[in-house]
Amino acid sequence: MAGMEDPVGRRRPLFCPMTTLLVSPGPLIGRVHVPADKSITHRALLFGAIAEGVSRVRNYLDGGDCRATLSVVRQLGVLVEEPAPGEWRIHGRGLWGLCEPEVVLDCVNSGTTARLLAGLLAGQRFHSVITGSAQLRRRPMARVVEPLRQMGADIAGRQDGRLLPLSVRGRPLHGIEFAMPVASAQVKSCLLLAGLYADGLTVVREPGPARDHTERMLTAMGAPIVRRGSTLISEAPTTPLQPLDLTVPGDFSSAAFLLAAGACVPGSRVTVAEVGVNPTRRGLLDALIAMGAEVALDNWGESGGEPTGDLHVQPAPLRAITLEGDTIVTLIDELPVFAVIATQAHGVTVVRDAAELRVKETDRIATTVEELRKLGARIEATADGFIIEGPTPLRGARVHSHGDHRLAMTLAVAGLMAEGVTAIEEAECIADSFPGFEQVLLRLGARVETTG
Ligand code: S3P
């Protein structure tokens, strides 16, 4: 049984190895919550680690990727307690209080952990080594290593630092001006973190509106980060970073799977409550509205400095749209499930400018097309996206997750609208971001089960 240690050393199972998820067609009906936001949970741990004092984080995400960040932060000498279920107390050690890790820092499958960590560690006074699973060791690191080297970082790694493992010899950094070639919150966050340790200003220009959780959270902690249009400027703080006190909202990227099913499966009526609806994250909602979906957002609130709301959806006739340009980064993680929605829309849907999909947990252009075709979708890959014809009735088949959590859940959504049974192999990866996915579907009346 795979698992990790909790704060008092008990082993907690995370998933059963090699699980097949069986999905039969049927509507989703009811009101649910989804697990907490993954991006914000990672940041709460990493930023809480360098705060001066104890951060309180409620409703954190207990998923595989965030467990990797938790373990890394502990290896850096940070005490993280769980005084109550779902709540952390992170005993921050201040900007300069992290300890040289005795072991290699294993980010498992989490790209966010690896890339943010590179920025956090480059300016420290110690040496560290960052690695990850076979899946993560295939993903590009040059996008953070190159600008960090321009800042004076001493980083060595496989293929001259293009791939993990990376060896980071902490040393003094200096600010740079960097125009990001692609809109990436991970690259932006890495450089803003390194900027906290650099001499002078670190200026990062964004080509598109990548998720802004880092800026929101670090600013709330008192870090001197300012935004001017699409430019962010950070510098070394002159006062300690204040600890965080936040409740993590539900993850829009997890809610997206329920929204997609609710919009497409006849007879559905779904409410997902208290979801983060940060404008840099909710591109799928805008896409659904443009397609004619019956979606609504109400019960606005605020959680951890982020806007939240309840999302309601039910099926309506959908029309094809084109997604491109600046929109793409606002729904980059939702594009596989968007492809399923597009199979049910009238006309030809086009997604372009999304070549970033090729360097996610899998090449999500290739894997989405390969697996959705097995279900009868009329979908074609292009260099930077897909072309999908609809509406197309889907039929159940045996499909494969490729070890990619978002692909596995995309296929489950397709299974809810496909005739017959859809069997998703290696579905255990779902726990990387959405532990309890099957239970949430069951609560909404879906016919799903797992087999070993
Ligand atoms: C994330 C940023 C995005 C996203 C990933 C989480 C983050 O990656 O795809 O799932 O938390 O910063 P990129 O920065 O590579 O676009």
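Ligands are counted one by one from 1 in listed order, and the atoms in each one are counted from 1 as well.
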Close-contact set for ligand 1 against Thr112 heavy atoms, below 4.0 Å: 1 (C), 6 (C), 7 (C), 11 (O)
Trp96 and Tyr197 aromatic ring geometry - parallel, tilted or perpendicular at 30°/60° bounds: perpendicular
Arg115, Arg364, Lys360: member with heavy atom nearest to atom 3 (C) of ligand 1: Lys360
Contact check: Ser189 vs ligand 1, nitrogen or oxygen atoms, below 3.5 angstrom: no
Exercise: do Arg352 and Thr382 side chains pair donor with acceptor under 3.5 Å: no
Ionic contact status for Glu82 with Arg89, cut-off 4.0 Å: no
Listed partners of Arg93 passing salt bridge (Lys or Arg N to Asp or Glu O under 4.0 Å), at least two apart: none
Side chain, backbone, both or neither: the part of Lys188 lying under 4.0 Å from ligand 1 by heavy atom: neither
Test of proximity, Lys38 against ligand 1: N or O pairs below 3.5 Å: no
Residue, atom name and distance, where the atom is the protein heavy atom closest to atom 11 (O) of ligand 1: Ser39 OG, 2.7 Å
Test salt bridge (charged side-chain N to carboxylate O under 4.0 Å, His left out) applied to Arg227 and Glu215, step by step: CA-CA 8 Å; Arg227 173 181 284 280; Glu215 302 88 289; 2.9 Å; yes
Test salt bridge (charged side-chain N to carboxylate O under 4.0 Å, His left out) applied to Arg281 and Asp333, Asp37, Asp286, the passing residue: Asp37
Sequence-distant partners of Arg58, salt bridge (Lys or Arg N to Asp or Glu O under 4.0 Å), two or more places apart: Asp245
Closest protein heavy atom to atom 1 (C) of ligand 1, given as residue, atom name and distance to 0.1 Å: Gln186 NE2, 3.6 Å
Proximity of His42 to ligand 1 by residue part, where a heavy atom lies under 4.0 Å: neither
Protein heavy-atom partner closest to atom 4 (C) of ligand 1 - residue, atom, separation in Å: Asp333 OD2, 3.3 Å
Contact check: Arg43 vs ligand 1, nitrogen or oxygen atoms, below 3.5 angstrom: yes
Close N or O approach (Ala185, ligand 1; < 3.5 Å): yes
Ligand 1 atoms in contact with Ser184 (distance to a heavy atom under 4.0 Å): 13 (P), 14 (O), 15 (O), 16 (O)
Arg158 atom CZ, neighbour heavy-atom count above 12 within 6.0 Å: yes
